[in-house]
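Values below: all heavy atoms of this structure, side chains included; hydrogens, waters and symmetry mates excluded. By convention in this document, chain letters (A, B, ...) are assigned in the order of the sequence lines, proteins followed by strands, and residues within each chain are numbered from 1.
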Protein chains: 2
Amino acid sequence: MSKKNNSDKLSIFALGGVGEIGKNMYVIQYANDIVVVDAGLKFPEEDMLGIDIVIPDISYLTENRDKVKGIVLTHGHEDHIGGLPYVLKHLNVPVYGTKLTLGLVENKLKEANLLGETKRVLIHADSEIKLGETLTATFFRTNHSIPDSVGVCIDTPEGSVVHTGDFKFDHTPVNNQYADLQRMAEIGSKGVLALLSDSTNAEKPGFTPSEKNVGVVLEDIFRKAEQRVVVATFASNVHRIQQVVNAAEETGRKVAVIGRSMVNVVSIASELGYLHVPEGMLIEPEEVNRMAADRVVVLCTGSQGEPMSALTRMARSTHRKVDILPGDTVIIAATPVPGNEKYIGRTIDELFRLGAEVIYSGSNSGVHVSGHGSQEELKLMLNLMKPQFFIPIHGEYRMQRKHALLAETVGVEPDNIFITDLGEVVEIQNGSARKAGKVTAGNVLIDGLGVGDVGNIVLRDRKLLSQDGILVVVVTLSKQNGSIVSGPDIISRGFVYVRESEGLLEESNRIVSSTLQKLMSENVNEWASLKTSVKDALGRFLYEQTRRRPMILPIIMEV
Amino acid sequence: MSKKNNSDKLSIFALGGVGEIGKNMYVIQYANDIVVVDAGLKFPEEDMLGIDIVIPDISYLTENRDKVKGIVLTHGHEDHIGGLPYVLKHLNVPVYGTKLTLGLVENKLKEANLLGETKRVLIHADSEIKLGETLTATFFRTNHSIPDSVGVCIDTPEGSVVHTGDFKFDHTPVNNQYADLQRMAEIGSKGVLALLSDSTNAEKPGFTPSEKNVGVVLEDIFRKAEQRVVVATFASNVHRIQQVVNAAEETGRKVAVIGRSMVNVVSIASELGYLHVPEGMLIEPEEVNRMAADRVVVLCTGSQGEPMSALTRMARSTHRKVDILPGDTVIIAATPVPGNEKYIGRTIDELFRLGAEVIYSGSNSGVHVSGHGSQEELKLMLNLMKPQFFIPIHGEYRMQRKHALLAETVGVEPDNIFITDLGEVVEIQNGSARKAGKVTAGNVLIDGLGVGDVGNIVLRDRKLLSQDGILVVVVTLSKQNGSIVSGPDIISRGFVYVRESEGLLEESNRIVSSTLQKLMSENVNEWASLKTSVKDALGRFLYEQTRRRPMILPIIMEV
């Protein structure tokens, strides 16, 4: 199918996942065929107040909906599939994924009432999928912190584009599903035009340890623990869950699974054959308190200190079914996602206060390893694929840049490396590549049921309100005789506590009154002027008195 | 002075600094003599919206003001002296500190107009200070990330209480001010009743490297850099600043100091002889752009990614005097304080985007070492002092606990170790110690000029407002005929953007109207009932429609 002197072009760009960790979504387009790799979500930045989740802006895809031939999923993590329910509402295209990935997706689509209308296509490591006239996708198995992860190779008339998905090289994988080095080498030896590769750990020297190392540590802790063991980890880490189950079996303990997403994943992964739980191994949460302490493992969510999670509730002694008792051992088998350090720290402190022994990654305990390859693994992938062009993806800018430097060290031409921003297009035609402008890309904020209805103005107001609160000033004026009929009444929320600031509020009242009376005596009576003057005078006074700038909302009524 | 069968008791407790990092303040009381060690501030937790800083609740001290004989300062960091201006307003007692510490304090008191009325007493490593009838303080020199740091030994009729201050053991200190091991050993051999020791790095195995290691790395980077070097670090780290100056001298560069607190510290430390800057070494910020790039070092604030700091402005290209140019080298010589990771990450990304080479601690670069001792140093301190009782201080609960375990390993009796909360009193009488209740202790929040006027209700409102904003509903009713005269008018701030949600707001209007009309037709007309019903009905509707819970503020007027 390959030909020279193409009049069509190959375009590659990210709608999510570059310059950020999260909401991964990559687009590969040739002529009238578009394939989308992944459709993830991201958790809000600290300045996105009140926002629940963030998804990619898919305007480009909806504007080109007839060209989109499908969404190919690399694995079942939220930052790769979590945006699907929103995307599929606007773009009804087939979804391709491996068994576990589709299992997790189906659960999600069911909740969003989209299961019936979405075409789902199961892929295997040796599937070959035709996407439109010009594109063909094949796959290769990788190691990651969830089973059934794959990389994608998309053959185009310009050459092959490889997207690694998230990966590490685990030479002793928990499920014996080895990364398919042979297949990768074969793709590389046929020639890779462009490689898109995971930059998450590009700053980390060396190799990421095998997940199996964690299993050894867990079993050792389970054996030594004289009372209950509680393990918190990411619900999606099926390998980790398997190792908890194995260690429990080895040490004669039963496992109680607690936390909605953990229960969910255990059930889906068991059903689909990715998690092997011996008959009779699982117990109900209610049974935990009734069993001998040294016979129990509690497997739960909350490894990030999330306020509503199972572990956080246990730490605060507000969990309905499990109390942490002195002598219990709690293992937090995860590292903090940046921004969560303080929450986790607080949970650890609370567990210690309850008398538990807490084992967490900060203490060099070996209870967690990353699912992403470090520098030596990234170089290995580069050398397996030997790409002509390289596009580091899946990372903050500094990680992309570090990954680019790694690519240079293994021999990729510096001019052939493209660090891109969201929407920035790398265009390849007749074997030469260049940056070719930008398509629409960015954040769509989801707050409750609202998708994209919270914009900069609303966020700015939330920020202001969060800092110094609001004062509502209510006044009724008489138009006829230019006087104040009632008020001013001042209502404070989040500014000062009224009972302790009576003097300040009384003086505020006087300032509002005198400002209005002065204006009316000068025959100024347009509402806009009156409101602005009240805002200015009161704002100035309050700033002088308190060095705070509450939002001021004057409500002026006329009778 | 020591005697057995004392009828008086020794009390030791923290008003700040245990169960937290920050606002250090420790109290040692015997009979009618109280000595306070340090008076620090803390930066607000992420749930203290709008708060600027946090200081200790000093009710106990103001209630016992006649007994307070003085405040002894261990060193000049903000978490040890930053609360002084607030404390001294309510408690005019002498302040004891070494030369640099008092220099920094005086600057602070001048700004607060408290310099004249505060008695300041300069102490040396060999000072002996009588505090009231029963207490005597002596000092020992320690190493820390600011010069002139000391530990304190307070002799009491019960025995000696040692407070280490913040410390590490740096065997090759930058200023050749060695930790006074001999003096510590001497104190230990005379017998220490109770040791209060710094727990910051109790979770870190091994030894903290010498500050001098950083100097070697800096000089190497300065030498290799072909253009300008920008170094951001903590303003108070005079050793680090000295090493930047030294490396600049060795490599033939001039230094521009930028950022208010950095300029401040450089001036005070130079004046007092703690920083040695060769004649003609400093240049004005304005000169940076005019000089050959490889002759310049910019020393600035912003190592924590603080939004208004010099480095952040440079990274965003909004600094008035210094632009970052491609090829510049930026060194971030600090580790992120927990909670700041994302801000620093963003600054690093922006600097990379400008084409700078960025060297930061995440990259194992050797440009930062901690000022606090690791486990081996903590054990060394314990073994030098050989205390009967041990109270781990200066740390989150998990650090205190780890420190307690370290103390056990070196032979302190487990029953003689007291992990305390804020205000929790350890009482020692006739050689035996016990926990003896709590004094008032906690956080005083400072917001602008307000000290303690923001409480839980205000913070809860700010939290609510920050999540989903506020709707103000204004209605005027006629009492006579039970009808709506004007409104309802609905004003939204931080909830939805009005122009994009007209339907929602129109429906909200209808719900408010019909709720009020129904109540009035039933002759319900107490304001409280009307308001509650409006809130409930509208809140329910909005939650159904949006899954959000904005604050609803009904304003009902009557004519």
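If you measure heavy-atom distances from A:Gln545 to chain B, the contacts under 4.5 Å come from the backbone alone. Neither the backbone nor the side chain of A:Leu459 comes within less than 4.5 Å of any heavy atom in chain B. When heavy atoms are compared at a cutoff of 4.5 Å, A:Phe495 approaches chain B solely by way of its backbone atoms N, CA, C and O. Using a 4.5 Å cut-off between heavy atoms, A:Pro336 makes no contact with chain B at all. Neither the backbone nor the side chain of A:Glu20 comes within contact range of chain B; no heavy atoms are under 4.5 Å apart.
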Please evaluate residues A:Val358 and B:Arg398 with respect to the criterion side chain to side chain contact (heavy atoms under 4.5 Å, CB included), reporting the C-alpha separation (whole Å), side-chain torsions for both, the decisive distance (0.1 Å), and the verdict.
CA-CA 9 Å; A:Val358 190; B:Arg398 60 191 178 279; over 6 Å; no
A:Val454 and B:Val496: side chain to side chain contact (heavy atoms under 4.5 Å, CB included), yes or no, with the steps?
CA-CA 6 Å; A:Val454 170; B:Val496 289; 5.9 Å; no
Decide yes or no on salt bridge (Lys or Arg N to Asp or Glu O under 4.0 Å) for A:Lys342 and B:Glu396, but give the supporting numbers first.
CA-CA 11 Å; A:Lys342 289 207 133 190; B:Glu396 306 276 359; 5.9 Å; no
Trace of the salt bridge (Lys or Arg N to Asp or Glu O under 4.0 Å) decision for B:Arg547 with A:Asp447
CA-CA 8 Å; B:Arg547 290 287 181 283; A:Asp447 182 5; over 6 Å; no
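The shortest heavy-atom contact between A:Gly494 and B:Arg462 is O-NE, 2.7 Å. Closest approach of B:Val474 to A:Met557, counting heavy atoms only: CG1-SD, 3.6 Å.
Contact count against chain B (heavy-atom pairs under 4.5 Å) is highest for A:Leu553 among A:Asp489, A:Leu553, A:Asp52, A:Ile51.
Not one N or O on the side chain of A:Arg493 forms a donor-acceptor pair closer than 3.5 Å with the backbone of B:Asp461.
Side-chain contact between B:Ile491 and A:Ile555: present, with at least one pair of heavy atoms (C-beta onward) separated by less than 4.5 Å. Side-chain contact between B:Glu350 and A:Tyr397: absent, with no pair of heavy atoms (C-beta onward) separated by less than 4.5 Å. Between A:Asp421 and B:Arg353, some side-chain heavy-atom pair lies under the 4.5 Å cut-off. For the pair B:Phe352 and A:Gln400, the minimum side-chain heavy-atom distance is 4.5 Å or more.
Between A:Arg548 and B:Asp453 a salt bridge is recorded (basic side-chain N to carboxylate O distance below 4.0 Å).
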